[in-house]
Amino acid sequence: MKLKREFFERDTLEVARDLLGKIIVREIGERIIKARIIETEAYCGVEDKACHARHGKTKRNAPMWGPAGFTYVYLCMGLHNLLNIVTGEKDQPEAVLIRGIIPLTGTSEKFKSYGPGNLTKYLKINRGLNNHDTIYSRQLWFEDDEFAIALKNITSAPRIGISYAAEYRHKPWRFILKI
DNA sequence: AGTAGGATGGGCT
DNA sequence: GCCCATCCTACTC
């Protein structure tokens, strides 16, 4: 079942946790690529000193202010496309970063790791899919396949690469699913 | 107009 | 662990 807008309109921390075990589906012409989400990070609005939205609205981070369920894809370190999904209410600049996946298709392709910058390569996602509505999309959307998650297999931890974020650097807003 | 610094990943030591 | 590829954004002047 495709995830609906309501799924993403909830509290960002809940969405980040609930995305664990869900499927990302990427359709390119005849080809379908699927992957299960196993790691996410929540970025919680202007008050979150690690969030791109902390300095206000810019051309880059504008999608975060839009409706939930849209993508926010941006270039990191000049070479990595990172995939976020906008969450919470409109005008609340919150999003969940997809940090880790397990590929379910096309495993013959050699990708050694599936960190946030590499999973977009596997899924063939770049900034052309920025600000893209996944709810009505034929190119990129999320699905629940009833995959059972045991709560004990979910852990949380501080987010990666945000040491500048003052008191927010220690917030356990990264969620990891052990399969 | 110029520049510093990233929500990184891979390879080598 | 350290280094480096690589380039856009936002801030400063």
Side-chain angles (χ1 to χ4, degrees), chain A residues 8 10-22 24 26 33 35-89 91-103 106-132 134 140 142 154-178:
Chain A
F8 298 101
R10 299 172 300 139
D11 177 80
T12 300
L13 294 175
E14 283 182 29
V15 176
R17 192 192 58 211
D18 291 347
L19 273 174
L20 294 176
K22 300 294 188 289
I24 302 181
R26 175 78 167 108
I33 307 171
R36 192 176 307 283
I37 299 170
I38 55 163
E39 189 172 338
T40 61
E41 281 180 3
Y43 287 88
C44 302
V46 292
E47 290 180 8
D48 178 1
K49 289 178 182 155
C51 183
H52 279 178
R54 67 191 182 279
H55 298 308
K57 197 174 189 172
T58 65
K59 195 176 166 192
R60 178 171 76 150
N61 67 26
M64 296 184 86
W65 270 264
F70 278 64
T71 60
Y72 168 41
V73 180
Y74 79 98
L75 190 68
C76 180
M77 307 303 279
L79 61 163
H80 299 292
N81 288 293
L82 268 53
L83 171 65
N84 298 254
I85 181 85
V86 177
T87 56
E89 293 173 31
D91 298 321
Q92 298 254 23
E94 305 184 2
V96 172
L97 170 69
I98 309 299
R99 257 198 90 78
I101 60 171
I102 292 179
T107 45
S108 60
E109 297 181 56
K110 63 165 183 14
F111 285 101
K112 286 182 180 167
S113 93
Y114 297 90
N118 259 355
L119 63 88
T120 53
K121 285 185 196 151
Y122 172 73
L123 294 167
K124 307 218 181 306
I125 291 170
N126 59 31
R127 278 158 292 157
L129 278 173
N130 186 28
N131 206 17
H132 183 82
T134 66
L140 175 67
F142 294 84
I154 296 179
T155 52
S156 58
R159 294 169 292 178
I160 299 291
I162 53 146
S163 54
Y164 55 80
E167 72 271 24
Y168 282 84
R169 65 185 287 184
H170 302 301
K171 300 272 186 197
W173 289 352
R174 178 156 62 104
F175 299 91
I176 304 146
L177 174 64
K178 192 176 67 181

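Because only heavy atoms are used, hydrogens play no part in the values below, and waters and symmetry mates are left out as well, while side chains stay in. Chain A is the first sequence line, chain B the second, and so forth, proteins listed ahead of strands; every chain is numbered from 1.
The distance between atom CE of Met64(A) and atom C1' of dA7(B), rounded to the nearest whole Å, is 10 Å. Atom CG in Asn126(A) sits about 19 Å away from atom P in dT8(B), given to the nearest Å. Look at NE2 on His52(A): it is 9 Å from P on dA10(C), rounded to the nearest Å. As a whole-Å value, the separation of Leu97(A) CG from dT8(B) P is 8 Å. Per the geometry, OH belonging to Tyr122(A) stands 20 Å off C1' belonging to dG10(B), to the nearest Å. The nearest whole Å value for the distance from the NE2 atom in His170(A) to the P atom in dA7(B) is 17 Å. Note: NZ (Lys121(A)) to P (dT8(B)) measures 14 Å, nearest angstrom. Between Arg99(A) atom CZ and dT8(B) atom C1' there is a gap of 8 Å when expressed in whole angstrom units.
Using a cutoff of 4.0 Å between basic side-chain nitrogens and carboxylate oxygens, Glu41(A) and Arg159(A) are not scored as salt-bridged. Note on Lys171(A) versus Asp48(A): no salt bridge recorded, every NZ/NE/NH1/NH2 to OD/OE distance being 4.0 Å or above. Taking the charged nitrogens against the carboxylate oxygens, Lys57(A) and Asp91(A) have no contact shorter than 4.0 Å, which rules out a salt bridge.
Consecutive Watson-Crick or G-U pairing (both distances under 3.5 Å) extending over three or more pairs maps onto DNA chain C as B:1-6 with C:7-12, B:8-12 with C:1-5.
Ile160(A) comes within 4.0 angstrom of sugar-phosphate atoms only, judged by non-hydrogen atoms across all strands, and of no base.
The nucleotide whose nearest atom lies closest to any side-chain atom of His55(A) is, among dC11(C), dG10(B), dA7(B), dC11(C). Comparing atom distances between the Thr58(A) side chain and each of dA10(C), dT8(B), dG9(B) picks out dA10(C) as nearest.
Every residue two or more places apart in sequence or in another chain that forms a side chain to side chain donor-acceptor pair (under 3.5 Å) with Glu94(A) is listed here: Thr12(A). Take Arg169(A) and apply the side chain to side chain donor-acceptor pair (under 3.5 Å) test, not counting sequence neighbours, and it matches no residue.
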Hey, can you pull the donor-acceptor pairs under 3.5 Å for the side chains in residues 68-75 of chain A, sequence neighbours left out?
{"residue": "Thr71(A)", "atom": "OG1", "partner": "Leu129(A)", "partner atom": "O", "Å": "2.5"}
{"residue": "Thr71(A)", "atom": "OG1", "partner": "Asn131(A)", "partner atom": "N", "Å": "3.1"}
{"residue": "Thr71(A)", "atom": "OG1", "partner": "His132(A)", "partner atom": "N", "Å": "2.9"}
{"residue": "Tyr72(A)", "atom": "OH", "partner": "His52(A)", "partner atom": "ND1", "Å": "2.8"}

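Using modelled atom types, no side-chain atom of Arg174(A) and backbone atom of Ser156(A) make a donor-acceptor pair closer than 3.5 Å.
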Interface polar pairs with nucleotides 5-8 of chain C, N/O, under 3.5 angstrom:
{"residue": "dT6(C)", "atom": "O2", "partner": "Met77(A)", "partner atom": "O", "Å": "3.0"}
{"residue": "dC7(C)", "atom": "O4'", "partner": "Gly78(A)", "partner atom": "O", "Å": "3.1"}

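Proximity of Ile162(A) to Tyr43(A): side-chain heavy atoms (C-beta onward) are separated by under 4.5 Å at one or more points.
Taking both residues in full, the closest heavy atoms of Ala42(A) and Leu13(A) are given as CB-CD2, 3.6 Å, listed atom of the first, atom of the second, then distance. The nearest pair of heavy atoms linking Ala35(A) to Tyr122(A) is CB-CE2, 4.1 Å. Scanning all heavy atoms of the two residues, the minimum distance from Asn84(A) to Ala95(A) falls at CB-CB, 4.1 Å.
Within a heavy-atom distance below 4.0 Å of DNA chain B, the residues of residues 66-74 of chain A found are Tyr74(A).
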